Amino acid sequence: MNDGNELIRLEKVSFRYGPIPVLEEVSFSVAQGDFVAILGPNGSGKTTLVKLILGLLRPAEGRLILMGKPVEQFAAWSEIGYVPQKATSIDPLFPASTREVVAMAFLPGRLGPARGKREEDRAVELALKQVGMTAFRNRRIGSLSGGQQQRVFIARAIVNAPQLLFLDEPTAGVDAATQELFYEMLHTLNTEQRITIILVTHDIGIVNRHVTKVACLNQRLVFHGSHADFCRSEAFKTMLQSGHLVSHTH
Amino acid sequence: MELFFSYGFFQRALVAGLFVAVACAVLGLFLVLRRDAMIGHGLAHVTFGGVALGLFLNILPLAAALVIAVIASLAIMRLRQKAGLHGDTAIGIFSSVGMALGIVLATLAGRFNADLLSYLFGDILAIDGLEVGLSTALAVVVIAAVLGSYRSLMYLTFDPEAAKASGVRTARLDILLAVLTSITVVMGMKVVGILLVAALLVIPAGAGLLLAANFRQALFLSSLVACLSVVLGLVAAFYLDLPASATVVITSFLLFGGAYLLRRKRLP
């Protein structure tokens with residue numbers, strides 16, 4: 001699935017919250033078509049790393065290249081889909097329908113190509129179909145279950161047909177059966193829609209059949225390579241023994 | 001009733017009231033959803049200081065209030081973001097100081113009189129042509145700005161982090177909302193008064209939220225409740241010989257109650 005075209009490159013990236021170091025000299029790259037799991041214990045800097053790549057935080061040191069451009073100069077945000085951590089902890093009273101939530105990603109002007117209403121409707125329907133939520137199109141978002149909401153947020157993240165999709169702990173609080181279906185759906189998006197996926201998780205078991213690469217963090221990058229190599233690595237054994245990673249298999 | 005609508009003062013009140021009501025409703029919906037409902041209340045107190053400053057300096061009180069309200073809203077935003085204070089603390093600080101400043105200036109000017117009281121309690125039936133024009137123009141600006149940034153504002157309100165990652169200029173939108181809220185509070189002050197303006201920002205939006213199935217409906221229903229509050233409130237005030245501003249607010253509350261009962265009826 002790796003097409004060899006580099007989409008993300010981190011060069012000795014460090015980040016601190018005040019005096020407290022969070023990430024130190026992290027370097028790795030992600031190629032088009034990869035399905036990368038960013039693993040690590042709580043507080044290891046996984047979410048911070050994603051926020052740095054997305055330009056939501058600025059690194060203390062180092063360089064971040066996103067699709068060939070330094071992230072501070074990057075403007076093609078419609079090429080990026082993002083589902084933040086705890087996305088499902090939304091205000092249940094928010095009056096948006098499922099369709100309206102997905103259509104939020106159509107932003108005017110520089111943020112993406114201008115679309116007519118009919119084209120927007122088609123894209124929303126397609127995205128909802130891809131995540132199996134067509135039947136819920138007119139339901140209020142707050143009335144859906146956590147798993148269903150998560151699917152809607154994925155639909156919003158892919159409605160612009162992005163090249164890159166970031167998901168931060170997307171199945172936190174979602175039941176095991178729904179998680180399995182969810183990862184099957186991500187696998188389909190990766191293999192059939194050719195979307196490069198960066199998935200933040202601390203659950204190695206649930207992703208072991210789908211991811212192609214693993215980047216393991218513990219303030220520093222302690223492993224970067226294939227999933228198979230990671231499972232044989234010392235980093236994996238250490239983290240599993242210390243209880244920093246969990247392994248849900250279904 | 002026909003005779004009633006033919007009165008010039010009533011026509012002016014109706015035009016200004018309806019425009020301001022819709023501006024309050026569409027903006028209020030975003031404020032309520034951002035859990036920022038009390039900023040209207042806080043800024044209203046700040047505008048009291050602005051009005052007193054205008055009377056003290058002998059300049060148009062609406063203009064002075066607008067400048068002071070914009071400065072205060074940006075300062076409240078800055079305090080939240082940079083000093084790490086909770087929103088209600090920052091609002092509490094500025095609203096108290098605004099009110100205190102108003103009392104001091106009004107006392108110094110020796111004009112703690114009917115002028116100032118008309119701003120405190122609103123006097124929509126006494127609104128003049130210039131004020132109608134100003135309120136209407138400002139309301140149109142607020143409505144156009146909110147509807148023009150509708151999708152970005154909705155995204156920012158619903159999921160700020162994802163919105164930022166999608167390229168939404170969240171800092172700019174925060175400033176836009178702060179400035180629009182200031183303008184709206186200053187406009188609303190003439191309609192329902194400083195002490196009651198927060199009601200027009202919160203109650204119609206709350207009613208819309210109770211009944212809407214989607215965001216467009218919420219905008220429409222909030223605006224409808226706001227408009228009905230103004231029309232029914234003015235008519236009731238006229239026939240029952242009640243203060244117009246307070247009657248508009250009480251009418252909006254009755255409509256909110258109706259929305260609540262309707263929602264309870266619809267839910268199992």
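Residue numbering restarts at 1 for every chain, and letters A, B, ... go by the order of the sequence lines. This structure is a prediction, so every number in the text was calculated from the model and none was measured.
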query = Once you round to the nearest 0.5 Å, how far does CZ of A:Phe106 lie from OH of B:Tyr155?
reply = 11.0 Å
inquiry  = Would you say OH of B:Tyr150 has more than 12 non-hydrogen atoms from neighbouring residues, nucleotides or ligands within 6.0 angstrom?
reply    = yes
inquiry  = If you define the side chain from C-beta out and look only at heavy atoms, does anything of B:Ser166 sit under 4.5 Å from A:Asn160?
reply    = no
message = Set out, in order, the CA-CA distance, both residues' side-chain angles and the distance that settles side chain to side chain contact (heavy atoms under 4.5 Å, CB included) for A:Arg156 and B:Asp159, then state yes or no.
response = CA-CA 12 Å; A:Arg156 184 183 66 193; B:Asp159 191 344; 2.8 Å; yes
message = Taking side chain as everything from C-beta outward and backbone as N, CA, C, O, which of these in B:Thr157 sits under 4.5 Å from a heavy atom of chain A? Side chain, backbone, both or neither.
response = both
task = Could you pull out the closest heavy-atom pair between A:Leu93 and B:Leu209, with the gap in Å?
result = O-CD2, 4.2 Å
query = Ignoring hydrogens and geometry, is there a side-chain-to-backbone donor-acceptor pair from A:Glu100 to B:Phe215 under 3.5 Å?
reply = yes
query = Just how far is it from atom CZ of A:Phe94 to atom CE of B:Met154, taken to the nearest 0.5 Å?
reply = 6.5 Å
task = Measure the spacing between CE of A:Met104 and CG of B:Leu156 and express it to the nearest 0.5 Å.
result = 10.5 Å
message = Could you check whether A:Glu120 pairs with B:Arg151 (Lys NZ or Arg NE/NH1/NH2 to Asp/Glu carboxylate O, under 4.0 Å)?
response = yes
Contacting moiety of B:Arg35, where chain A heavy atoms sit under 4.5 Å = side chain
note = Heaviest contributor of heavy-atom pairs below 4.5 Å to chain A, chosen from B:Ala218, B:Ala162, B:Ser149, is B:Ala162
remark   = Cut-off 4.5 Å, heavy atoms of chain B, and the answer for A:Ala103 is both
ask   = So, does B:Glu161 use its side chain to make a donor-acceptor pair with the main chain of A:Tyr82 at under 3.5 Å?
value = no
message = Tell me whether A:Phe166 at atom CZ has more than 12 heavy atoms from other residues, nucleotides or ligands lying less than 6.0 Å away.
response = yes
remark   = Scored by heavy-atom pairs under 4.5 Å with chain A, the best of B:Ala165, B:Gly208, B:Ala163 is B:Ala165
key: Where B:Ala213 and A:Arg140 come nearest, the two heavy atoms and their spacing   = O-CG, 3.8 Å
request  = Calculate, to the nearest 0.5 Å, the distance between atoms CD1 and CG belonging to A:Ile141 and B:Asn214 respectively.
outcome  = 12.5 Å
